[in-house]
Amino acid sequence: MKKTIYTILFLCSAFMFSQEKKNDTVDAVVPKEIQEVILKSQRKKQFADKAVYTFDKEALDRARYAKDLLSTLPELQLNPVENTITSTKGGTTLFLINGIEATDMQIRSVAPTEVVKVEYYDIPPARWATRADTVVNILTKSTETGYVFGADVSTALNTGFVNGSAYANYTKGKNNFGLEYSLNVRDYDDRRVNSIYDYQLNGKHYRSDENRKDHFGYTFQNVALRYTRLVPDDYAFQAKLNMDIFSRFSKGVGQSAFTEDNLKEEHSMFKNNGSDYVIPKLDLYYSKKMGEKDELSINIVGSHYTTNTTETAKEWIVGSGLSVYDNDMVLKAKQTSLVGELAHVHDFTAGKLSSGYRISRSSISNDLNNLSGSSQYSVNYLEQYFYTEFSGKVNKFSYRIGAGLTNIHNKSAENTFDEWTFTPKVILAYQIKGNQNLRFTASYNPVSPWSNALSSNVVQLAPNIVQRGNPFLKSQQVFSNNLNYSFNNKYFDFNAGLFYRYTNRVINQYYVQDEVLNGYALTYENGKNAQRYGVQLTGSYKPFGNSLLVIKAVITPTSETVRTSKEALIKNNYLGNYFSLSSEYKSFSVQYQFNIPVYSLSGAFLNTNENQNNIFLSYKHKNWTFSTGMYWIGMPSEYKTKSLPESLVDYKVHTQIMNNKSMFVVGLSYDFSKGKKTEIQRKLNNETAPAATF
């Protein structure tokens, strides 16, 4: 019956998008995926799966580096705290330079005058579709000799907040060398957490009202060394050695008012936890031209490292000192990850055919001591992905049709999950006018459970409450449909989209009775399904037709439901939003951004997104840039979670980082370039699995 329903839904989708199509570029007779020449006067060009942006001389002269250009796109926004670019629609964003995966500092190392255009893929091609929701590709000019280097630092004056980085690139002939270093430090001593657990157990009513103050922080460092050799129209080779160094800590003390029916007790507690890892990663890439119409590429990425995670928590009755619970967890996880991909591209007269195969494997050996005792166990995650897609264009209609086959094989000590899934994708587009387009996309793909959800670990959260993973989880199956309309001119860049997402076997976090510990456990299940649908309106408005004033807005009315394994229906509606005002005049720039936090579903919980109320300014003088800003003006950063009425445990938590309140930050950067780097048009970009910490 399920297969019949999926078939009917897919056929209905095919009927819908057969009436709504869109175009790549003007009126070319021969279909092409990329229009190589874009008129200087046209800032945006809408394609079937992407928008292509060019920049006028004024914008290029004003920007410090390519990253400044990205922040002007209506679909992208600057996170001033992390100093990173993110997509307004959320999800994972992958950045490329001429097709090769790029870090934030690599984007900084590109001088604005080198940027030819920027491709914004809101519908990623097959080779990236399983890794990212959005892909941004910066296409640059290239010469044979040049060097570039720079450094920047920003810090808060009244709390532990530091972002710093340095980079250097040198090109000589067909060879390019690159070196990067980045540092992010957070050290906050005033995080306040209020959490409430309210539940019935064994005929009694329990309530735990906990107030805790934490000192927490983290240090993240990244070092990268790259070598590239490019022989034009022949081959490209790149070797990259990357090192991620991470450590975090949290030390908290607090009090709790604990009641059992009419009996009330005052409790004290402490909760400490931390983790650290050092990830060395080797990334090898090679591509070879085979005649004028074929290219073969191979990519291998490997890493091996150990993650150490500890958690110590204790709660006791004030006065008597009698222990309520004593939690001590130590996890040492040795992880080996390997990703390999082989891809082939062939250009036909009618379009382009891309095909490939990717395999990724992660093996984790766990040495665990926790509430359940000591154990040693291993888990293995294997995913294979075969894909092929053809893209082309006929008059004002353009299309991309793809088909894939995905195998997920997860094996733990308790369970083995193995499943093959057919993963089709269809994109059709129609150019209404030169600046108006309609697009429709439909796709179906599996999503594997994350390592924390599959973990066998157990930790204590509160009296009678623990958290555990579920090794028996199955993958989610996601069916997505999107219909988008875009319009742009000198003053407006507007996008409107209808979206519908159906998830079968949705992974849902919820409370269950724990017979072993005679309490409740927060764990994971495969629910029946989930649905999410709504409208997303994004865009920017320039009242004067330039960057003197730019108004950006994202408004997303959304409805979402989750049906649990016990057929309970959970519903939620919200109005997602984000707004920003920016102005650029000569060497000065200022931006203000804010939002109104809303609750959205996360399993059987409702979580708010992070609040924003930030202003930042910068002044550029030759190669120097001076910046300052205030984040979370008049408020701390805060995060709220609450359970739903269907939950066995009524749970609420409110977290505020008081150190962030009206946080004043100053920064200084220096960027210098001479000549231009040689970049390669890399076809494959992969990443090994993240560290397992739960």
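Source: prediction; values computed, not measured. Quick note: residue numbers are just sequence positions, from 1.
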Enquirer: Could you tell me if the side chain of Asp671 sits less than 4.5 Å from the side chain of Asn623, heavy atoms only?
Expert: no

Enquirer: For Phe626, does the CZ atom have more than 12 heavy-atom neighbours from other residues, nucleotides or ligands under 6.0 Å away?
Expert: yes

Enquirer: Can you tell me how far apart OG1 (Thr655) and CD (Glu638) are? Round to the nearest 0.5 Å.
Expert: 9.5 Å

Enquirer: Spell out, as yes or no, whether a donor-acceptor pair under 3.5 Å connects the side chain of Asn595 to the backbone of Glu610.
Expert: yes

Enquirer: How close do Val339 and Ser360 get, counting heavy atoms only, and between which atoms?
Expert: CG2-CB, 3.8 Å

Enquirer: Any heavy-atom pair between the side chains of Gln593 and Phe616 that's under 4.5 Å?
Expert: yes

Enquirer: Below 4.5 Å, heavy atoms only, C-beta onward: do Pro636 and Asn660 meet side chain to side chain?
Expert: no

Enquirer: Working to the nearest 0.5 angstrom, can you tell me the gap between Gln591 CD and Ser583 OG?
Expert: 10.5 Å

Enquirer: For Lys552, is there any backbone N or O sitting under 3.5 Å from a side-chain donor or acceptor partner on Ser540?
Expert: no

Enquirer: How close do Ile633 and Asn614 get, counting heavy atoms only, and between which atoms?
Expert: CD1-C, 4.3 Å

Enquirer: Have Ser247 and Thr219 got a donor and an acceptor in their side chains that come within less than 3.5 Å?
Expert: no

Enquirer: Could you tell me whether the side chains of Tyr592 and Asn613 share a donor-acceptor contact shorter than 3.5 Å?
Expert: yes

Enquirer: Verify, without hydrogens or angle tests, whether Thr556 (side chain) and Gln536 (backbone) share a donor-acceptor contact under 3.5 angstrom.
Expert: no

Enquirer: How far apart are the C-alpha atoms of Asp214 and Arg191, what are their side-chain angles, what is the distance that settles it, and do they pass the salt bridge (Lys or Arg N to Asp or Glu O under 4.0 Å) test?
Expert: CA-CA 5 Å; Asp214 292 344; Arg191 177 174 64 175; 3.2 Å; yes

Enquirer: Classify the side-chain pair Asn299/Asp283 by whether it contains a donor and acceptor separated by less than 3.5 Å.
Expert: yes

Enquirer: In terms of ring plane angle, is the pair His215 and Phe249 parallel, tilted or perpendicular, where the classes change at 30° and 60°?
Expert: perpendicular

Enquirer: Evaluate whether atom NZ of Lys542 has more than 12 neighbouring non-hydrogen atoms of other residues, nucleotides or ligands under 6.0 angstrom away.
Expert: yes

Enquirer: So, for Ile596 and Asn577, which heavy atoms are closest and what is the spacing to 0.1 Å?
Expert: N-OD1, 2.7 Å

Enquirer: Has Lys281 got a side-chain atom pairing as donor or acceptor with Lys240's backbone, closer than 3.5 angstrom?
Expert: no

Enquirer: What I want to check is whether the side chains of Asn457 and Asn370 have a donor and an acceptor closer together than 3.5 Å.
Expert: yes

Enquirer: With a 4.5 Å limit on heavy-atom distance, are the side chains of Asn175 and Tyr227 in contact?
Expert: yes

Enquirer: Would you please test Glu180 and Arg226 for side chain to side chain contact (heavy atoms under 4.5 Å, CB included) and show each step?
Expert: CA-CA 9 Å; Glu180 303 170 9; Arg226 295 184 315 279; 2.7 Å; yes

Enquirer: In sequence, state the C-alpha distance, the side-chain angles, and the governing distance for Tyr574 and Leu606, and then conclude on side chain to side chain contact (heavy atoms under 4.5 Å, CB included).
Expert: CA-CA 11 Å; Tyr574 65 90; Leu606 289 169; over 6 Å; no

Enquirer: State, with a plain yes or no, whether a side-chain heavy atom of Ser182 is found less than 4.5 Å away from one of Tyr167.
Expert: no

Enquirer: A side-chain contact here means heavy atoms from C-beta on lying under 4.5 Å apart; do Val52 and Lys50 qualify?
Expert: yes

Enquirer: Closer than 3.5 angstrom, by distance alone: can the side chain of Asp133 be matched with the main-chain N or O of Thr92 as a donor-acceptor pair?
Expert: yes

Enquirer: Checking side chain to side chain donor-acceptor pair (under 3.5 Å) for the pair Asn137/Tyr121: CA distance, chi angles, key distance, verdict?
Expert: CA-CA 8 Å; Asn137 186 25; Tyr121 289 89; 5.4 Å; no

Enquirer: For Asn488 and Asn495, run side chain to side chain donor-acceptor pair (under 3.5 Å): C-alpha distance rounded to whole Å, both residues' side-chain angles, the deciding distance at 0.1 Å, then the answer.
Expert: CA-CA 9 Å; Asn488 70 286; Asn495 299 277; over 6 Å; no

Enquirer: Below 30° counts as parallel, above 60° as perpendicular, anything between as tilted: where do the rings of Tyr305 and Tyr277 land?
Expert: tilted

Enquirer: Mark yes or no for whether Asp190, through its side chain, and Lys213, through its backbone, hold a donor-acceptor pair below 3.5 Å.
Expert: no

Enquirer: Classify the ring geometry of Phe579 against Phe594: parallel below 30°, tilted from 30° to 60°, perpendicular beyond 60°.
Expert: parallel

Enquirer: Tell me the closest heavy-atom pair linking Ser256 and Met269, and the distance in Å.
Expert: CB-CE, 3.4 Å

Enquirer: Would Arg186 and Phe216 count as a side chain to side chain contact (heavy atoms under 4.5 Å, CB included) here? Give the steps.
Expert: CA-CA 8 Å; Arg186 303 291 185 269; Phe216 83 102; 5.7 Å; no

Enquirer: Would you give the length of the straight line joining atom NZ of Lys620 to atom NZ of Lys586, rounded to the nearest 0.5 angstrom?
Expert: 15.0 Å

Enquirer: When rounded to the nearest 0.5 angstrom, what distance separates NZ in Lys640 from CG in Asn611?
Expert: 9.0 Å

Enquirer: Donor-acceptor pair, distance only, cut-off 3.5 Å: does the side chain of Ser165 make one with the backbone of Tyr181?
Expert: no

Enquirer: From Ile364 CD1 over to Ser337 OG, what is the distance, rounded to the nearest 0.5 angstrom?
Expert: 7.0 Å

Enquirer: Do Val118 and Leu69 make a side-chain contact, defined as non-hydrogen atoms from C-beta onward lying under 4.5 Å apart?
Expert: no

Enquirer: Please verify the inter-ring angle class for Phe161 with Tyr631; under 30° counts as parallel, over 60° as perpendicular, anything in between as tilted.
Expert: perpendicular

Enquirer: If you look at every heavy atom in Gln77 and Ser87, which pair is closest and at what distance?
Expert: NE2-O, 4.2 Å

Enquirer: Among Thr310, Ile245, Thr306, Asn308, exactly one meets side chain to side chain contact (heavy atoms under 4.5 Å, CB included) together with Asp276. Which residue is that?
Expert: Asn308

Enquirer: Could you state the interatomic distance from OG1 (Thr84) to CG (Leu76), rounded to the nearest 0.5 Å?
Expert: 11.0 Å

Enquirer: Hey, do the aromatic rings of Tyr170 and Phe177 have their centres closer than 6.0 Å?
Expert: no

Enquirer: Give the intermediate values and the outcome of side chain to side chain contact (heavy atoms under 4.5 Å, CB included) for residues Tyr53 and Lys44.
Expert: CA-CA 5 Å; Tyr53 289 89; Lys44 178 180 180 180; 3.5 Å; yes

Enquirer: Check the angle between the aromatic planes of Tyr619 and Phe588 and answer parallel, tilted or perpendicular using the 30° and 60° thresholds.
Expert: tilted

Enquirer: State, yes or no, whether a side-chain contact exists between Tyr651 and Leu522 at a heavy-atom distance under 4.5 Å.
Expert: no

Enquirer: If you take all heavy atoms of Leu338 and Gly302, which pair is closest and at what distance?
Expert: CD1-CA, 4.1 Å

Enquirer: Does the pair Thr228 and Gln238 meet the rule for a side chain to side chain donor-acceptor pair (under 3.5 Å), with working shown?
Expert: CA-CA 4 Å; Thr228 304; Gln238 183 181 79; 3.1 Å; yes

Enquirer: Between Asn222 and Asn184, does a side chain to side chain donor-acceptor pair (under 3.5 Å) hold up when you go through it step by step?
Expert: CA-CA 9 Å; Asn222 173 266; Asn184 301 99; over 6 Å; no

